[in-house]
Enquirer: 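Dropping the structure in here first, questions after.
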Amino acid sequence: MFLLLVAGSLQAQSDKETKKQEREQRKLKRISLFRELEEGENNYDREFSIGGRLNTDGWSGFFELGYRKNRKIVNYFQFEFAEKKDPKEDKKPGAFVPVGDFAYSEKPYIYGKQNNFYQAKLGIGQRYLIGGKGNKNGVEVNAIYYGGISIGLQKPYYLKVETPSGEVKDIKYGTDPDLDTAFITPSKIIAGGGFGKGWGELTVVPGLHAKAGLRFDWAKFNEVVSALEIGINAEYYTKSVPILVYQDNKKFFFNAYLSLQFGKRWDKK
């Protein structure tokens, strides 16, 4: 009986030690997995992100879908909607209209603006790994190169003006010499025509675009996309686009940009 008690005690102690070791192993495995998510090399197969971009000649918003090709290269598709703005655009307040003892201001307008120019872009690119994060506080650095098609949408810009006949009406530039004079005479301009004007008169201008830059991903976990991108962008359209009345129309646009994007990565099933 004594031997049985001693053996049972030793067995119970051995079982406790075994369970303790198993718990420690599970804990170490979880820590190792956690560190891999934080610090390990990013090998996820898929990723999706959305973002916004500030260009030296406008703005854009986009979404992106990526597919890993190998350890260093990710192929990605991107759809972007953007607007071009001339650096010389000058926003003016609308005319003041007296109402009894008070006055209110009409809608502001951009002096001399002839057209809004929007772009719907679709393209394919590659992201090439330059340097991994190394640890959770590191930054992954990638070179990017990208290109595709661009569908330009030219929308007439309307102003509310006082015409030579004394009538107040919404007009666009380029329809009548007398109205064109009122369009560019500040004393005749009352207000901007509003965002809703001109959508039924869109002109489609096809083109191509390409960009190159560097992307910096600072996300703590590899399954998360948190990135800043800087680079240059070039666009060419099949015909010249008039944006401001007194500026030369251009087919070719070149800009620098800064973008932020956020998203998620995962492995394919």
Side-chain angles (χ1 to χ4, degrees), residues 36-85 117-153 204-238 252-269:
E36 185 179 348
L37 289 173
E38 284 189 316
E39 303 174 3
E41 188 168 313
N42 173 18
N43 287 315
Y44 285 100
D45 298 312
R46 301 285 186 266
E47 60 182 63
F48 176 79
S49 60
I50 61 174
R53 184 172 289 125
L54 286 177
N55 308 310
T56 52
D57 61 357
W59 59 268
S60 62
F62 62 90
F63 66 81
E64 180 179 301
L65 184 62
Y67 299 85
R68 181 168 296 282
K69 182 178 180 182
N70 55 43
R71 175 178 169 269
K72 284 185 171 287
I73 296 176
V74 173
N75 295 327
Y76 67 93
F77 299 91
Q78 192 175 97
F79 175 79
E80 180 179 2
F81 187 81
E83 182 184 8
K84 286 275 181 285
K85 289 180 176 289
F117 187 50
Y118 303 101
Q119 307 88 47
K121 303 178 185 178
L122 182 64
I124 184 171
Q126 280 193 338
R127 195 169 73 238
Y128 183 84
L129 180 67
I130 297 175
K133 291 195 299 183
N135 60 65
K136 66 181 180 181
N137 296 316
V139 177
E140 182 181 286
V141 182
N142 293 271
I144 65 102
Y145 28 92
Y146 167 91
I149 59 172
S150 180
I151 305 300
L153 303 172
V204 176
V205 188
L208 300 172
H209 71 285
K211 67 181 178 183
L214 292 173
R215 184 177 298 182
F216 305 90
D217 192 325
W218 71 88
K220 183 176 180 181
F221 297 99
N222 285 328
E223 64 180 3
V224 176
V225 179
S226 297
L228 178 145
E229 186 176 302
I230 57 173
I232 54 175
N233 177 72
E235 299 170 49
Y236 181 82
Y237 293 92
T238 54
F252 180 74
F253 296 86
F254 184 80
N255 64 54
Y257 68 85
L258 172 70
S259 67
L260 282 174
Q261 63 191 98
F262 302 94
K264 185 174 178 61
R265 297 186 177 97
W266 69 93
D267 286 322
K268 61 184 178 181
K269 302 298 183 183

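These numbers were taken from a predicted model, which means no experiment stands behind them. The first residue in the sequence is number 1, and the count goes up from there.
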Enquirer: Quick check: closest heavy atoms across W218 and L260, and the distance to 0.1 Å?
Expert: CH2-CD2, 3.9 Å

Enquirer: Please report the C-alpha distance between F79 and K121 in whole Å, then the side-chain angles of each, then the deciding distance to 0.1 Å, and finally whether the side chain to side chain contact (heavy atoms under 4.5 Å, CB included) criterion is met.
Expert: CA-CA 6 Å; F79 175 79; K121 303 178 185 178; over 6 Å; no

Enquirer: Side chain of R68, backbone of V74: donor and acceptor closer than 3.5 Å?
Expert: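 Judged by distance alone, no pair lies under 3.5 Å.
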
Enquirer: Tell me the closest heavy-atom pair linking G152 and F117, and the distance in Å.
Expert: CA-CE1, 3.7 Å

Enquirer: Check step by step if side chain to side chain contact (heavy atoms under 4.5 Å, CB included) holds for Q119 and H209.
Expert: CA-CA 10 Å; Q119 307 88 47; H209 71 285; over 6 Å; no

Enquirer: Calculate, to the nearest 0.5 Å, the distance between atoms CD and CD belonging to E64 and E47 respectively.
Expert: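 Answer rounded to 0.5 Å: 6.5 Å.
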
Enquirer: Over all heavy atoms of both residues, which pair between V224 and R265 is shortest? Give the atoms and the distance, please.
Expert: O-NH1, 3.0 Å

Enquirer: Where do F62 and S259 land on the side chain to side chain contact (heavy atoms under 4.5 Å, CB included) test, with the steps shown first?
Expert: CA-CA 10 Å; F62 62 90; S259 67; 4.2 Å; yes

Enquirer: If we ignore hydrogens and angles and just use 3.5 Å, is the side chain of R215 paired with the main-chain N or O of A227 as donor and acceptor?
Expert: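 No, because the side chain of R215 does not come within donor-acceptor range (under 3.5 Å) of the backbone of A227.
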
Enquirer: Does the side chain to side chain contact (heavy atoms under 4.5 Å, CB included) test come out yes or no for L214 and I130, once each step is laid out?
Expert: CA-CA 9 Å; L214 292 173; I130 297 175; 3.8 Å; yes

Enquirer: Using the benzene-type ring in the case of Trp, are the ring centres of Y76 and Y146 under 6.0 Å apart?
Expert: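 Under 6.0 Å, so yes.
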
Enquirer: Check whether any side-chain heavy atom of N255 lies under 4.5 Å from a side-chain heavy atom of R53, and answer yes or no.
Expert: no

Enquirer: Using 30° and 60° as the class limits, which term best fits the ring planes of W59 and F81: parallel, tilted or perpendicular?
Expert: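 Tilted.
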
Enquirer: Tell me whether the count of non-hydrogen atoms from other residues, nucleotides or ligands lying under 6.0 Å of CD1 in I151 goes above 12.
Expert: yes

Enquirer: So with a 6.0 Å cut-off around OH of Y118, is the heavy-atom count from everything else above 12?
Expert: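 Above 12, so yes.
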
Enquirer: Taking the side chain from N55 and the backbone from D57, do they hold a donor-acceptor pair closer than 3.5 Å?
Expert: no

Enquirer: Measuring from atom NZ of K264 to atom CZ of F221, what distance do you get when rounded to the nearest 0.5 angstrom?
Expert: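 CZ of F221 is found 10.5 Å from NZ of K264.
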
Enquirer: How many angstroms lie between NZ in K211 and CD1 in I232, if you round to the nearest 0.5 Å?
Expert: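 K211 atom NZ to I232 atom CD1 measures 12.0 Å (nearest 0.5 Å).
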
Enquirer: Looking at Q126, K69, R127, which hits side-chain hydrogen bond (donor to acceptor under 3.5 Å, both in side chains) with N75?
Expert: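 It is Q126, the one option of Q126, K69, R127 that forms the side-chain hydrogen bond (donor to acceptor under 3.5 Å, both in side chains) with N75.
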
Enquirer: For the CD1 atom of I230 and the CG atom of L54, what is their distance to the nearest 0.5 Å?
Expert: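 Taking CD1 in I230 and CG in L54, the distance rounds to 13.5 Å.
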
Enquirer: Considering all heavy atoms of both residues, which atom of F262 and which atom of S226 are nearest to each other, and what is their separation?
Expert: CD2-OG, 3.7 Å

Enquirer: Between F252 and Y236, is the ring centre distance below 6.0 Å?
Expert: no

Enquirer: On a heavy-atom basis, which atom in V205 and which in Y237 lie closest, and how many Å separate them?
Expert: O-CD2, 3.4 Å

Enquirer: Over all heavy atoms of both residues, which pair between V225 and S49 is shortest? Give the atoms and the distance, please.
Expert: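 Shortest heavy-atom contact: CG1-CB, 4.2 Å.
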
Enquirer: If I take atom CD1 from residue I124 and atom OH from residue Y145, how far apart are they, to the nearest 0.5 angstrom?
Expert: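 OH of Y145 is found 11.5 Å from CD1 of I124.
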
Enquirer: Between CG of L129 and NZ of K72, what distance do you get to the nearest 0.5 Å?
Expert: 5.0 Å

